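Worksheet: one structure, shown below.
For clarity, every value in this text was computed on a predicted model and none was experimentally measured. Atoms within each ligand, like the ligands themselves, are counted from 1 in listed order.
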Amino acid sequence: MSSPSPTSGTIHGACGHDCPDTCSWIVEVREGIAQTLSGDPAHPFTRGTLCAKVNHYLERVYHPERVLYPLKRVGAKGHAEFTRVSWDEALADIAAKWTVISDESGAEAILPYSSAGTQGLIQMGSIDRRLFGTIGASGLDQKICGAVASAGLKATIGTGTGIDPEQIVHSRYVVLWGTNTIVTNLHFWPLVREAQRRGAKIVVVDPVRTRTADAADWHLPINPASDAALALAMMHVIIRDNLVDHDYVARHSIGYDALVERVRDYAPDRVADTVGLPAEVIERFAREYATTEPSLLRVLIGPEHHRNGAMQFRTIACLPVLTGAWKHRGGGLARSTHALQFAALDMDRVLMPELAKPGVRVLNMRDLGKDLCDATLRPPIRSLIVYGANPMVSMPNQERIREGLLRQDLFTIVHDLFVTETARFADYVLPATSQIEHLDLSPAWGHLYLSLNRPAIAPRGESVCNTELFRRLAAALGRTEPYLFESDESMLRGALASGHPWLDGITYERLWEEGYARLSCPEDWRPFANGGFATRSGKAELYSEPLRDAGQDPLPSPGDVPTGRGLQLISGKQLHFLNSGYSHMERHRRRAGQLFIELHADDARRRGVKDGDPVSVRNERGEVRAMCRISDRVRPGIAWMPFGGLTDANGERRSINVLTAEEPTDWGGGSGLYDAFVEVHPVAVTIA
Ligand code: SF4
């Protein structure tokens, strides 16, 4: 049933990008060529629309610069000079080199490096994990995004997720905290509007006046990384003014008395400077939040990219416990739904974690540049295989990554659709399929619908999907274990056969016919209305013994708020790129324009730069050139740059990550990407 895409017909699929919406789409195919790709009008979350990027997805599929055959480097590293070779030649060479490396240095000298380039269940991780576990290659800690927020929430409520986001329509006080919903969670926005139409107040907490902030009822422009301080001040008001749901707190939490002591020091007037809001605004926000039922905190990415990221989420998560908001339909907190989907699916059946050899090292993905350049690392990384990732744009400290990728003794393989910024440094570039050319299951992280992505067309050229790549590499390495050659359909059927009640009635056949199905979770699902938190104590942990045992502050706190000289540089996604994706496409590059930096007028004046000036943005890690935009969207002391591979004012493709550091977060394994401080100077360059 998985194979063969028909040569003509209407095929259901799903977007595999790193986006919470996981849109369901329909592809019209004629004589083996995809004619149209559009949002499924029947899907309750997609509602027939895609987004500014994926509306042109077929241009990506049929793009003339797409890599369609294996390529071997013929020029200097980083110059992107390649020649076409056969799959047999490429696989034999890779297998031979990996065998030598393993014999000489051990398989840990091979580092598989992947991320969310495709977010499907098996194409993001399955045969690759099994293969690298079997041979004993280094593991990769993939925690650059999401893991910190999840770890922070888990400390308080035992899970990184919350209520079904669709329940927002029942909320009457919605706080969009660190999320630019209109740009990064587009299909959630109509539900926010529906809640607003039914009487909800929409509040945005964000250091930047985003499009979402403009559309909200109230914007609270806090200082970056001060989210936990704001939450502590809110708790101070809630406790001081007796707005606590004492019955809920007594029955379903531990540590209340200790929390009361802790928040005594966080009166709004004492944290106003830290947070960057007047005390009376904090007072009003706290009281409105605590006295309007149901109230919902919609927390996403923003606060986690600071070194106090996990503590910020841990602290924010205490708020709906104090107010008992979890009791109400549409109340509590909503974050990624991945954990709900993965709990229902049999992930161990797919990933086979038991294959990982004990004691094999695991390297954190944020440290790629550091590890590649570390002469003391034993064994050194001698081979890197990158798939579903473009670390030369997406990871911190790009100059160090560049230095590492230029190592002559590093054997690098990149599997991608295009010669990305990372692929330019590769010894082999292997052609990858697009989402309409392979089979996958797409568990969403923004809603509860599970979609089957059926291949609509045959793989273009000689491209292969991730699973097929690793089956081929396993064969080239002489492996014979059957689990390394399991078919995609078999793995998906295995994942769906978990027996979890939320998969009742959801079969492979049904998904094949209908495209998607909502997890069989009750519509009015209130996970913690009666407690039952997934913490060690079974209660919401306002005081956390596990954190204490780990050497962390057991109570909510502001954490280690970053400080530095110059402007604090933060970033956000933009409409036309998805991380680094789409930045090779002329249409999207034109619309996105040149790399720019937004400064407040006071900061620009002090530095002698005007709107439209080319500027140098610099710190100890490097420099990018950008166009200056003077804007009241940012407050004094803060600068904002878009994320992605934009062309800078020197005509080079550069990203903000030249300036960011690998600095680890408090816990959760992430990176303080938004803790970079920069100086901005005028430069005399001619802008094309
Ligand atoms: S990127 Fe997001 S909004 Fe766009 S089509 Fe994919 S899932 Fe939908």
**OP:** Quick one: look up the protein heavy atom nearest atom 4 (Fe) of ligand 1 and list residue, atom name and how far away it is.
**Re:** Cys51 SG, 2.3 Å
**OP:** Give the residue and atom name of whichever protein heavy atom lies nearest to atom 6 (Fe) of ligand 1, and the separation in Å to one decimal.
**Re:** Cys15 SG, 2.4 Å
Original post:
Side chain, backbone, both or neither: which part of Thr22 comes within less than 4.0 Å of ligand 1 when only heavy atoms are counted?
Top reply: backbone
Subject >> Donor-acceptor under 3.5 Å (Glu598 side chain, Val634 main chain) >> reply: no
**OP:** Out of Thr184, Asn55, Val54, Asn185, indicate the one that has the non-hydrogen atom closest to atom 5 (S) of ligand 1.
**Re:** Val54
Subject >> Salt-bridge criterion met for Arg460 and Glu437 (N-O under 4.0 Å) >> reply: no
**OP:** Among Asp206, Thr181, Asn180, Thr184, find the residue that satisfies the side chain to side chain donor-acceptor pair (under 3.5 Å) test when tested with Thr212.
**Re:** Asn180
Original post:
Any idea which protein heavy atom is nearest atom 8 (Fe) of ligand 1, and the distance to it?
Top reply: Cys23 SG, 2.3 Å
Original post:
Which protein non-hydrogen atom lies closest to atom 1 (S) of ligand 1, naming both residue and atom, and how far is it?
Top reply: Leu578 CD1, 3.6 Å
Original post:
Is any NZ, NE, NH1 or NH2 atom of the basic residue among Glu59 and Arg66 found under 4.0 Å from an Asp or Glu carboxylate oxygen of the other?
Top reply: no
Subject >> Residue His187 vicinity, atoms of ligand 1 by number, heavy atom under 4.0 Å >> reply: 3 (S), 8 (Fe)
Original post:
Do Asp488 and Arg471 sit within salt-bridge range, that is, some charged N less than 4.0 Å from a carboxylate O?
Top reply: yes
Subject >> ligand 1 versus Leu186: contacting region, heavy-atom distance under 4.0 Å >> reply: neither
Original post:
When the ring planes of Tyr582 and His17 are compared, do they come out parallel, tilted or perpendicular, using 30° and 60° as the limits?
Top reply: perpendicular
Original post:
Which protein heavy atom lies closest to atom 2 (Fe) of ligand 1, and at what distance to 0.1 Å?
Top reply: Cys19 SG, 2.3 Å
Original post:
Using 30° and 60° as the class limits, which term best fits the ring planes of His338 and Phe342: parallel, tilted or perpendicular?
Top reply: parallel
